[in-house]
2 protein chains.
Amino acid sequence: MNEPRWLTEDEQRIWRAYTAATKLVGERLDRQLQRDSGMPATYYEILVALSEAPNRELRMSELAEFTRSSRSRLSHAIARLEENGWVVRRSCPTDKRGSFASLTEVGYSVLRAAAPGHVAEVRAALFNGLTAEQLRQLGEIAEAIRDHAGAGCPAASCDGD
Amino acid sequence: MNEPRWLTEDEQRIWRAYTAATKLVGERLDRQLQRDSGMPATYYEILVALSEAPNRELRMSELAEFTRSSRSRLSHAIARLEENGWVVRRSCPTDKRGSFASLTEVGYSVLRAAAPGHVAEVRAALFNGLTAEQLRQLGEIAEAIRDHAGAGCPAASCDGD
DNA sequence: AGGGTTCAGTTGAGAGCTCAACCAACCAGG
DNA sequence: CCTGGTTGGTTGAGCTCTCAACTGAACCCT
């Protein structure tokens, strides 16, 4: 096979800015949550997903889908959250293989306490640096990437296969 | 203190698309490199930075800056890369505290072998889903975020202080 | 010189993630 | 039934990352 199609100088500049930006934002968010609320960003997202679900609980597989997490990662995470007393597992009555993750009252208040700082950090790290127009563009671009990259890689949130 | 400034519905939509998109892209890239070349994306970036440096070597602290990595992470990473024989440490003659990380021939060929697949995945995961105009916008947005988020958080690549 | 401070880098413990293997319950088809 | 495959979820090992503590070298200031 012949020479691959390398990135042009422009593409390389964009790619490097992209990785730098996303890395910085991700690290800021993670650091803030860890420092102020004692949880990584992924756990925060789990709590958010649960808090928005009817009855504040979800099947593990649905939760995995919402949070775009592998089942394995989620399982480990829920185990940790359960240790903290923020979540409890409930076994599913109709399908004995399944289980629900259910947000506890404690978990809910931890989430409520964490939210303001998190939102502030989102603004500080991402939104405040952009014009309104750029923000709008970013939304469209992110949606395009999400739909495109998600389609091209079905294994993104699956374990084995 | 009073009610924090929550995200509007639009802002929330943008934020969620952003996290979804960046997570998907990051995971695709990482997965591809791990599968095809046996290294995480962060190690790839280290090898790239070294390969572009004069004499293919850099001081640890410079390398940390280029790769936007904490000194600690880099130290662990270089230890691992040294085990693989892809990098060697050289102590600095003029400053006995310092050390250089130096890309070996083996490391260089591993990098050359990994590059085509990586570039293809960058295109597949990110570029191919966007119009030329969106790509241009993404570049500007990413630069704005990088400069803004980097400034607001000096601790991003420092250990203790 | 001598003493404190800063600087470059390392180390170890603890935590989260990935991958592959696994188990148990459901579901077909014969 | 019961057998084979699929599905829902868990587990453990290995790896990377973070955070904090630490070492030793350089610098500064009298």
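Each chain gets a letter, A, B and so on, in the order the sequences are listed, and its residues count up from 1.
In this structure, the CZ atom of Arg28(B) is 18 Å from the C1' atom of dT18(C), given to the nearest Å. Summarising the geometry, the separation between CD1 on Ile78(A) and C1' on dT10(D) is reported as 13 Å, rounded to the nearest angstrom. The separation between Glu82(A) atom CD and dG16(C) atom C1' is 17 Å, rounded to whole Å. One can place CD of Glu62(B) at 14 Å from C1' of dG9(C), the figure rounded to the nearest angstrom. The distance from atom CZ of Arg31(B) to atom P of dT16(D) is 16 Å, rounded to the nearest whole Å. Atom CG in Asp30(B) sits about 9 Å away from atom P in dC17(D), given to the nearest Å. Between the CD atom of Gln32(B) and the P atom of dT18(C) there is a distance of 16 Å, rounded to whole Å. Rounding to whole angstrom units, CZ of residue Arg35(A) and C1' of dA20(D) are separated by 16 Å.
Near DNA chain D, meaning a heavy atom under 4.0 Å away, the residues from residues 42-56 of chain B are Thr42(B), Tyr43(B).
Legend: residues meeting side-chain contact (heavy atoms from CB on, under 4.5 Å) with Arg56(A), ordered by chain and number and at least two apart, are Leu103(A), Glu105(A), Tyr108(A). Under the rule for a side-chain hydrogen bond (donor to acceptor under 3.5 Å, both in side chains), Gln34(B) has no partner lying at least two apart in sequence or in another chain. Evaluation of the side-chain hydrogen bond (donor to acceptor under 3.5 Å, both in side chains) rule for Asn128(B) yields no partner, not counting sequence neighbours. Judged as a salt bridge (charged side-chain N to carboxylate O under 4.0 Å, His left out), and not counting sequence neighbours, Arg5(B) has no contacts. Partners of Glu52(B) according to the side-chain hydrogen bond (donor to acceptor under 3.5 Å, both in side chains) rule, which considers only residues two or more places apart in sequence or in another chain, are Arg16(A). For Arg146(B), the side-chain hydrogen bond (donor to acceptor under 3.5 Å, both in side chains) test picks out no residue, with sequence neighbours left out. Partners of Asp36(B) by salt bridge (charged side-chain N to carboxylate O under 4.0 Å, His left out), not counting sequence neighbours: none found. By the side-chain contact (heavy atoms from CB on, under 4.5 Å) test, Ser109(B) is found to be paired with Arg112(B), residues two or more places apart in sequence or in another chain being considered.
Between Arg73(A) and dG16(C) there is no side-chain polar atom (N or O) within less than 4.0 angstrom of OP1 or OP2.
Between Leu111(B) atom CG and Met39(B) atom CE the span is 6.5 Å, to the nearest 0.5 Å.
Among dA26(D), dA25(C), dG16(C), the nucleotide with an atom closest to any side-chain atom of Lys96(A) is dA25(C).
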Between the protein and nucleotides 12-14 of chain C, are there any N/O to N/O pairs under 3.5 Å, and if so, what are the atom names and distances?
residue: dG12(C); atom: O6; partner: His76(B); partner atom: NE2; Å: 2.8

Detail all sub-3.5 Å separations between protein N/O atoms and N/O atoms belonging to nucleotides 3-8 of chain D.
residue: dT7(D); atom: O2; partner: Arg97(A); partner atom: NH1; Å: 2.7
residue: dG8(D); atom: O3'; partner: Arg59(A); partner atom: NH2; Å: 3.3

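Alongside Phe100(A), the hydrophobic cluster contains no other residue (criterion: ILVMFWY side chains under 4.5 Å).
Ion pairing between Arg13(B) and Glu9(B) fails under the 4.0 Å rule for side-chain N and carboxylate O.
Heavy atoms of Arg89(A) sit under 4.0 angstrom from primed sugar atoms or phosphate atoms, though from no base atom.
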